[in-house]
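Data block below; observations after.
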Amino acid sequence: MDNRALFGMYFPGNSLIHRLDPRLKMVACFWFVVLVFFAHGWASNLLLIVLLLAVIRLSRVVFAKYWAGVRGLMGVILFTALIQALFSSGGTVYWQWGIMAVTSAGLVQAVLLMLRFFLIITGSTVITVTTTPLELADAIAALLKPLKVLHLPVNQLAMMLSIALRFVPTIMNEVTMIMNAQRARGVDFNSGSLLKRAKHLVPVLIPLFVAAFKRAEELAVAMEARGYDPNQPRTKYRQLHWQRRDSLALAVLVFVTLAFIGLRIWE
Amino acid sequence: MVEPAVEYAGLGFAYGADRWALRELSTTIPAGQLTALIGHTGSGKSTLMELTDGLLLPTSGTVTVFGQQITAATKKKELAPLRKKVGFVFQFPEHQLFADSVLADVMFGPQNLGANPTSAKEAATAALTRLGLPAALFDRSPFELSGGQQRRVALAGVLAMNPQLLILDEPTAGLDPTGQAELLSLITELKAQGLTIIMITHQMEQVARLADTVRVLDGGQLVFAGTPADLFAQPDLLAAHHLTPPAAVTFAKQLDWAAADPQPLTAATLAAQLAKQLKGGTGNG
């Protein structure tokens, strides 16, 4: 099974971007996505492209890593852009057939849409490539903390998140094992119609769920046996420390946002 | 000379570019016998067995199973007949059970091999009976059965495919002593019925009691091929590969006992030899 989606993404390194506080990285990424949605003109988009390229450069991660993120979704991107190009109206009409038409406005829309996809995907890839899953879990837990006021069980959520991360490789191993066992019983996962292939997943998923439930129960008992009380306040082994470089990065982000707003007004 | 069921020739397998799990392995598995495969975690046992069942293809060298040769260039389609000949029972095979009823689960394998429902049902019933599962359990959900019963159902699921070679990966792991004893006598029966068996195990007592021949792997290489008696007569070899001989062997050695000839491998042989010695006074037996 392929677990690159979650784990292989991280590219070990010690660049400035790697060392930034994961909380900041998450908030910044979210903010970046918001800005992408507000960018309509060429100038504001150009600003975001420059910002992203600068961050990529600073992360010292090979560009192929980022490209891999985009490539996986290329089909969806192209399809959406095609729809956009064919069904938008306005401007000069180049080609028309029934309700479909290629217009100058449609083409501009399609290009902008593709650009938006690229920016968002690559922007979030920066995080997954430069942050370990554990750091990400810590950051999510820390960012959820204010929700405690609303009686959200933040500690429990954080625990669930770290347990889930811990068991991804275990479950992946189990999938491989069960698939091998069923292949040994004559299942051919790589042939047959789509329906047949979907049916082949039943003998994998049922044992997997049974095992997962059993494991969950055992883990719960083991945790309680060691005195785990979900309602107690917990200390953390890995502490997140806000550094000067984080403040600096935040300042850059604010500055870029101001410039962005300026460009939007000017556009 | 017993005709080989499986022949490995210069077999090598690497995960990824340069992580070799097996190197230059050449040996045979005699037909109709029980071969014990021993070695520590990471020694390449499981990889070797997955190669034997065509779940992996060799990186170099060949595997020949009942005349069918498998190399790096073998196509996936050609592996179907191989799966018919080889039955692979994984560790904790009860983890692969999934169907609504015991019978349906055991029928799964034969149906995958193209059997129609009637003959699949026949094969399943035969396999379950062969393993001593009462007919009353056939329509129950496999998840309701005890651990030992579940394991037998899983084993039946493989036997129903009527393999000529049966691979067992630590078949007794996690069973209670009664369950272990039952399973081991089942294995002996299956061998008596003419099946070739390869059994991965960590328990030297099982090797001594059941195996006709032994293959020891260490670090992806074959370090011993011979009979259990040969293996346990070589304390240096055992020590070099961190294997502990069965208690009977150690005990006889500690007695420094001249009468221990042939070397007792199991507690039963040891007891018989001791009894003979004690009754016969100081005689040499």
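In what follows, chains carry the letters A, B, and so on, assigned in the order in which the sequence lines appear, proteins first and then strands, with residues in each chain numbered from 1.
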Identified side chain to side chain contact (heavy atoms under 4.5 Å, CB included) partner of A:R183 from the options B:L79, B:L55, B:D53
B:L55

CZ/A:R19: more than 12 non-hydrogen atoms of other groups inside 6.0 Å:
yes

Just wondering, are more than 12 heavy atoms of other shown residues or ligands nearer than 6.0 Å to NZ in B:K121?
no

Test item: B:Q96 side-chain N/O and A:Q182 main-chain N/O as donor-acceptor pair under 3.5 Å
no

Which atoms of B:F92 are under 4.5 Å from chain A, going by heavy atoms: the side chain, the backbone, both sets, or neither?
neither

How about A:E217: does its CD atom have over 12 heavy atoms from other parts shown lying under 6.0 Å from it?
no

A:W31 atom CH2: more than 12 heavy-atom contacts under 6.0 Å
no

For the CG atom on B:D100, are there more than 12 heavy atoms of other groups (residues, nucleotides or ligands in this structure) within a distance under 6.0 Å?
no

What part of B:F90 lies closer than 4.5 angstrom to a heavy atom of chain A: side chain, backbone, both or neither?
side chain

A:A181 versus chain B, the contacting section by heavy-atom distance below 4.5 Å
both

With a 4.5 angstrom heavy-atom cut-off, could you sort out which part of B:E50 is near chain A: side chain, backbone, both or neither?
side chain

A quick test of your reading: do over 12 heavy atoms of other residues, nucleotides or ligands sit less than 6.0 Å from CZ of B:F143?
yes

For the pair B:D105 and A:R185, evaluate salt bridge (charged side-chain N to carboxylate O under 4.0 Å, His left out) and give the outcome as yes or no after the intermediate values.
CA-CA 11 Å; B:D105 205 291; A:R185 292 216 276 167; 3.0 Å; yes

More than 12 non-hydrogen atoms from neighbouring residues, nucleotides or ligands closer than 6.0 Å to CZ on A:R197, yes or no?
yes

Tell me which of these, A:V187, A:I178, A:D188, has more heavy-atom pairs under 4.5 Å with chain B than the rest.
A:V187

For B:K84, is it the side chain, the backbone, both, or neither that has a heavy atom closer than 4.5 Å to a heavy atom of chain A?
neither

Nearest heavy-atom approach of A:P207 to B:F98 is CD-CB, 3.7 Å

Between atom NE2 of B:H95 and atom CG of A:L208, what is the distance when rounded to the nearest 0.5 Å?
11.5 Å

Exceeds 12 heavy-atom contacts within 6.0 angstrom, atom CZ of A:F209:
no

